[in-house]
Amino acid sequence: MLNKLWGLMIVAGICVAAFTGRIGTVSTSVIDSAREAVTLCITMMGIMALWTGIMNIAKKAGIIDAMTRMMTPVLTFLFPDIPKGHVANEYIAANMISNMLGLSWAATPAGLKAMEEMKKLNNGSRTASTDMCTFLIINISSLQLIPVNIIAYRTQYGSVAPTDIIGMGLVATTVSTLVGAAFSVIARSIVKKHGR
């Protein structure tokens, strides 16, 4: 559906440009945007490589395990159906830590592994468990202490103060995560009450 929508918007834009005599501007913009996209990808790849490496070092040094233990009360509260010490907790913690550092792309592999483990706990059912839904909500709301991606984008595009976004980003993601967690807890109690 999205592919059709984007395709329609591109065709509409080209048609409008042709009818208004600005097709040359469209051609120039396409070339400039392509060059800018490649430059941005190279910048983001460098940042991603750095932080993914740091996360791997933290994992091997036991920092991720220590943080997982520190997060155990939160994980137990949000995901009560996952047994203590289960590997899913480690993947969930790694995902949440990556998201807190603003590394959404580094959080994805851990998130996928967490979902795989929770699917096993859900007996391979094609219907998502309450814990899986909770994890998805928490992952999407994504509390971010340091929005590395946004800082990198702002730096790339010449922002005078690329880190000014940290305060507002922290407030916005804290609120979204708290609302998501509250919704999950309420939804879980409703599900248990009605036995679904």
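In this text the structure is predicted, and so the values were computed from the model without any measurement. Positions are given from 1, in the same order as the sequence printed here.
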Would a single hydrophobic cluster contain both [Y] and [X], if residues Ile, Leu, Val, Met, Phe, Trp and Tyr are joined by side-chain heavy-atom contacts under 4.5 Å?
X: M67; Y: Y91; value: no
X: V74; Y: I140; value: yes
X: M118; Y: V185; value: yes
X: M71; Y: I63; value: yes
X: I151; Y: Y157; value: yes

Kindly compute the distance separating [atom1] ([X]) from [atom2] ([Y]), expressed to the nearest 0.5 Å.
X: R22; Y: S29; atom1: CZ; atom2: OG; answer: 11.0 Å
X: K60; Y: D65; atom1: NZ; atom2: CG; answer: 13.0 Å
X: I165; Y: S159; atom1: CD1; atom2: OG; answer: 9.0 Å
X: T76; Y: K84; atom1: OG1; atom2: NZ; answer: 5.0 Å
X: I54; Y: S98; atom1: CD1; atom2: OG; answer: 11.5 Å
X: I146; Y: L170; atom1: CD1; atom2: CG; answer: 10.0 Å

Would you find a donor on one side and an acceptor on the other, under 3.5 Å apart, between the side chain of [X] and the backbone of [Y]?
X: R154; Y: T163; result: no
X: N122; Y: A128; result: no
X: S142; Y: I138; result: no
X: N89; Y: R69; result: no

Taking all heavy atoms of [X] and all of [Y], pick out the closest pair and write down the distance.
X: F135; Y: F79; answer: N-CE2, 3.5 Å
X: T68; Y: A93; answer: OG1-CB, 3.3 Å
X: A88; Y: A114; answer: O-CB, 4.4 Å
X: M115; Y: M132; answer: CE-O, 3.4 Å
X: A107; Y: N95; answer: O-ND2, 2.8 Å
X: L145; Y: I166; answer: O-CG2, 3.8 Å

My understanding is that only residues two or more places apart in sequence, or in another chain, count here; which of them pass salt bridge (charged side-chain N to carboxylate O under 4.0 Å, His left out) with R126?
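Residues passing salt bridge (charged side-chain N to carboxylate O under 4.0 Å, His left out) with R126: none at all.
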Side chain to side chain contact (heavy atoms under 4.5 Å, CB included) between L75 and I82, worked out:
CA-CA 9 Å; L75 296 176; I82 299 176; over 6 Å; no
Are more than 12 heavy atoms, taken from residues, nucleotides or ligands other than F77, located less than 6.0 Å from that residue's CZ atom?
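Counting other residues, nucleotides and ligands, CZ of F77 stays at 12 neighbours or fewer.
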Which salt bridge (charged side-chain N to carboxylate O under 4.0 Å, His left out) pairs, counting each pair once, include a residue from [range], with sequence neighbours left out?
range: residues 129-148; value: D131-R188
range: residues 93-105; value: none
range: residues 100-123; value: E117-K120
range: residues 143-152; value: none

If we only count heavy atoms from C-beta on, is the T130 to P80 side-chain gap below 4.5 Å?
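Side chain of T130 against side chain of P80, heavy atoms only: no contact under 4.5 Å found.
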Apply the test side chain to side chain contact (heavy atoms under 4.5 Å, CB included) to residues L121 and D81: give CA-CA distance (whole Å), side-chain angles for both, the deciding distance (0.1 Å), then the verdict.
CA-CA 9 Å; L121 289 172; D81 298 331; over 6 Å; no
In a table with atom names and distances, give each donor-acceptor pair under 3.5 Å that connects a side chain of residues 1-18 to protein atoms at least two apart or in another chain.
none

Run the numbers on L78 and I92 for side chain to side chain contact (heavy atoms under 4.5 Å, CB included), then give the verdict.
CA-CA 11 Å; L78 290 174; I92 291 169; over 6 Å; no
Pair L143, T174 - check side chain to side chain contact (heavy atoms under 4.5 Å, CB included), show working.
CA-CA 5 Å; L143 172 66; T174 299; 3.3 Å; yes
